[in-house]
Number of protein chains: 2
Amino acid sequence: MKPAPTRKESAPQQRFLDGAADLFARNGYHATSIRDIARALGVTPGAIYAHFPSKAGILLAVYEAGVARITEAVDHVMQSGETPWIALEKACHRHLDEVLADNGYARVVVRVVPEDVAEVSADLARLRADYESRFRHLVDALDLAPGTNRTLLRFTLLGALNWSQVWYRPGLTAPGDIAGEIVRNLKDGVAVKGNEA
Amino acid sequence: MKPAPTRKESAPQQRFLDGAADLFARNGYHATSIRDIARALGVTPGAIYAHFPSKAGILLAVYEAGVARITEAVDHVMQSGETPWIALEKACHRHLDEVLADNGYARVVVRVVPEDVAEVSADLARLRADYESRFRHLVDALDLAPGTNRTLLRFTLLGALNWSQVWYRPGLTAPGDIAGEIVRNLKDGVAVKGNEA
DNA sequence: TGGGAAAGTGAACGAACGTTCATTTAGAGG
DNA sequence: CCTCTAAATGAACGTTCGTTCACTTTCCCA
């Protein structure tokens, strides 16, 4: 049988993960100490080690949850049978919603690059590749002008979307509108139309 | 008279800055210790404090040098009287050359966000704004389709360019070609042409 | 030849780091 | 009621951190 999540309804481990994700997202991995996380949760540092094996282990758990959130949101769009451009736009919309969300999970995935934490860098890289592969498929399905470098297009898109974490402040344009305009700009171009080819 | 940089020809302070820039770029600010920097230079930690007031002071000096490099390269393009689109493309080319250069200066500017280091965050933010203002002017000079959000276009461009630091590996397409294609994609769009407006 | 500033040493400081562990707390089930 | 277990404590460990400082080395210039 399973360990049975009775007691309340689910492990308090979730609360620890939420707090760690928030701090990792706001201050970065190396600038966040175990004591910082414990303090934010009103708990002593030792309590954390009842649920996680190490600081890097916490990051890995946050990363897994973050990638799960993003891929889940994007996958939901991909199997809805839209046209390639509509699918891409909706996926970017969802991606940006996650990256700019209050909770830190997706923000950590964007902010902490795998090489930053040697102990789990291979795992983090695998998780990243997992979620970026969705965008590879989305871009591959597009009907593009001949000679377009699809790999570069994918990186352009991800870069433009993820960079929003640096400048975006709540109250500005909604994430969905931003994603839509980025995709539209890349699809149709921003130059004045009329006198070309 | 000036303090006269006799002795050799220039301060060894430069060597310290180079080493610090390299480590900050590769490992990040918080993951780099003063002892790491000293070891990379074959020197004891104390030696560093003969030239810099603190670890944050080193970062600030690296940041200043990094922003100086980028702005210098971009400014050189801006006063050459090209058409707005050519000017933007050349500026992006130079920007990417710096961001992907072997030396760590520009990489630090892209990687370390001002809020990461509270003691100098105001200075770092000012330096960043300084260099981003060049791109504001470059984008403002463009002839764009009506309704285009120029601020978002600027962030899209900077995000796409700066994200290259995450995925670029030497030996792939040259930085200049990457910058050129990113700008062209945003200018003309990547969709197949023919059946619109 | 000798004085002096710049450059670097090496040891030490207090603080903060990740982590461990014997012990206490608290709630659910037989 | 009493036990069993998960959860958390709180003190401690060894290490590393940023930083200081009295002292030595180096070498230009008068």
Side-chain angles (χ1 to χ4, degrees), chain A residues 1-21 23-24 26-63 108 112 116-121 124, chain B residues 1-21 23-24 26-63 108 112 116-121 124:
Chain A
M1 300 299 167
K2 292 208 315 194
T6 43
R7 191 63 63 132
K8 257 319 172 26
E9 49 184 308
S10 156
Q13 188 180 29
Q14 189 59 48
R15 214 173 59 91
F16 285 51
L17 263 192
D18 289 349
L23 287 175
F24 286 159
R26 283 221 306 271
N27 308 327
Y29 176 78
H30 290 290
T32 303
S33 71
I34 293 284
R35 284 169 173 85
D36 287 339
I37 299 172
R39 194 178 315 118
L41 291 159
V43 147
T44 50
I48 294 177
Y49 286 87
H51 302 281
F52 301 96
S54 68
K55 188 185 172 188
I58 302 174
L59 176 66
L60 180 54
V62 169
Y63 227 84
V108 170
V112 179
D116 280 356
V117 187
E119 306 111 294
V120 291
S121 67
L124 304 189
Chain B
M1 301 297 168
K2 293 209 310 193
T6 45
R7 191 65 62 136
K8 260 305 174 38
E9 50 184 309
S10 156
Q13 189 180 26
Q14 188 61 46
R15 214 172 60 88
F16 286 51
L17 262 192
D18 289 349
L23 287 174
F24 286 161
R26 283 221 306 272
N27 308 327
Y29 175 78
H30 290 289
T32 303
S33 71
I34 293 284
R35 285 169 174 87
D36 288 338
I37 299 171
R39 194 179 315 119
L41 291 159
V43 147
T44 50
I48 293 177
Y49 286 88
H51 303 281
F52 301 95
S54 68
K55 188 186 171 187
I58 302 174
L59 176 67
L60 181 53
V62 169
Y63 227 85
V108 170
V112 180
D116 280 356
V117 188
E119 306 111 295
V120 291
S121 67
L124 304 190

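Just so it is clear: chains get the letters A, B, ... in the order the sequence lines come, proteins before strands, and each one is counted from 1.
Closest approach of T44(B) to A38(B), counting heavy atoms only: C-CB, 3.8 Å. Considering every non-hydrogen atom in both L23(A) and A40(A), the closest pair reads CD1-CB, 4.0 Å.
Across the protein-nucleic acid pair, R39(A) atom CZ and dT9(D) atom P stand 14 Å apart, rounded to whole Å. Between R35(B) atom CZ and dT20(D) atom C1' the separation is 12 Å, expressed in whole Å. Distance, I37(B) CD1 to dT16(D) P: 17 Å, rounded to whole Å. The separation between L41(A) atom CG and dA7(D) atom P is 15 Å, rounded to whole Å. For the pair I34(B) CD1 and dT15(D) P, the computed distance is 22 Å after rounding to whole Å. Following rounding to the nearest Å, I48(A) (CD1) and dT20(C) (C1') show an atom-to-atom distance of 14 Å.
The shortest distance between the side-chain N/O atoms of H30(B) and the OP1/OP2 oxygens of dC17(D) is not below 4.0 Å. In terms of phosphate contacts, Y49(B) brings no side-chain nitrogen or oxygen within less than 4.0 Å of OP1 or OP2 of dT20(D).
Using a 4.0 Å heavy-atom distance criterion, F52(A) is classed as making no nucleic acid contact. Among the atoms of the strands shown, base atoms are found under 4.0 Å from some heavy atom of T44(B).
With dC17(C), dT19(C), dG18(D) as the choices, the nucleotide that has an atom nearest any side-chain atom of S54(A) turns out to be dT19(C). Side-chain proximity of H51(A) to dA7(D), dA7(C), dC17(D): nearest is dA7(D). Of the candidates dG18(C), dA7(D), dG18(D), dG18(C) carries the atom nearest the K55(A) side chain, counting heavy atoms from C-beta on.
Taking 4.5 Å as the limit, every side-chain heavy atom of F16(B) sits out of range of all side-chain heavy atoms of I58(B). Contact annotation: the side chain of L124(A) approaches that of L59(A) to within less than 4.5 Å [non-hydrogen atoms, C-beta and beyond].
Of the two residues contacting DNA chain C, namely D36(A) and A47(A), the nearest-nucleotide position lying further toward the 5' end is that of D36(A).
Both tests pass for K55(A) against the ring of Y29(A): distance under 6.0 Å to the centre and angle within 45° of the axis.
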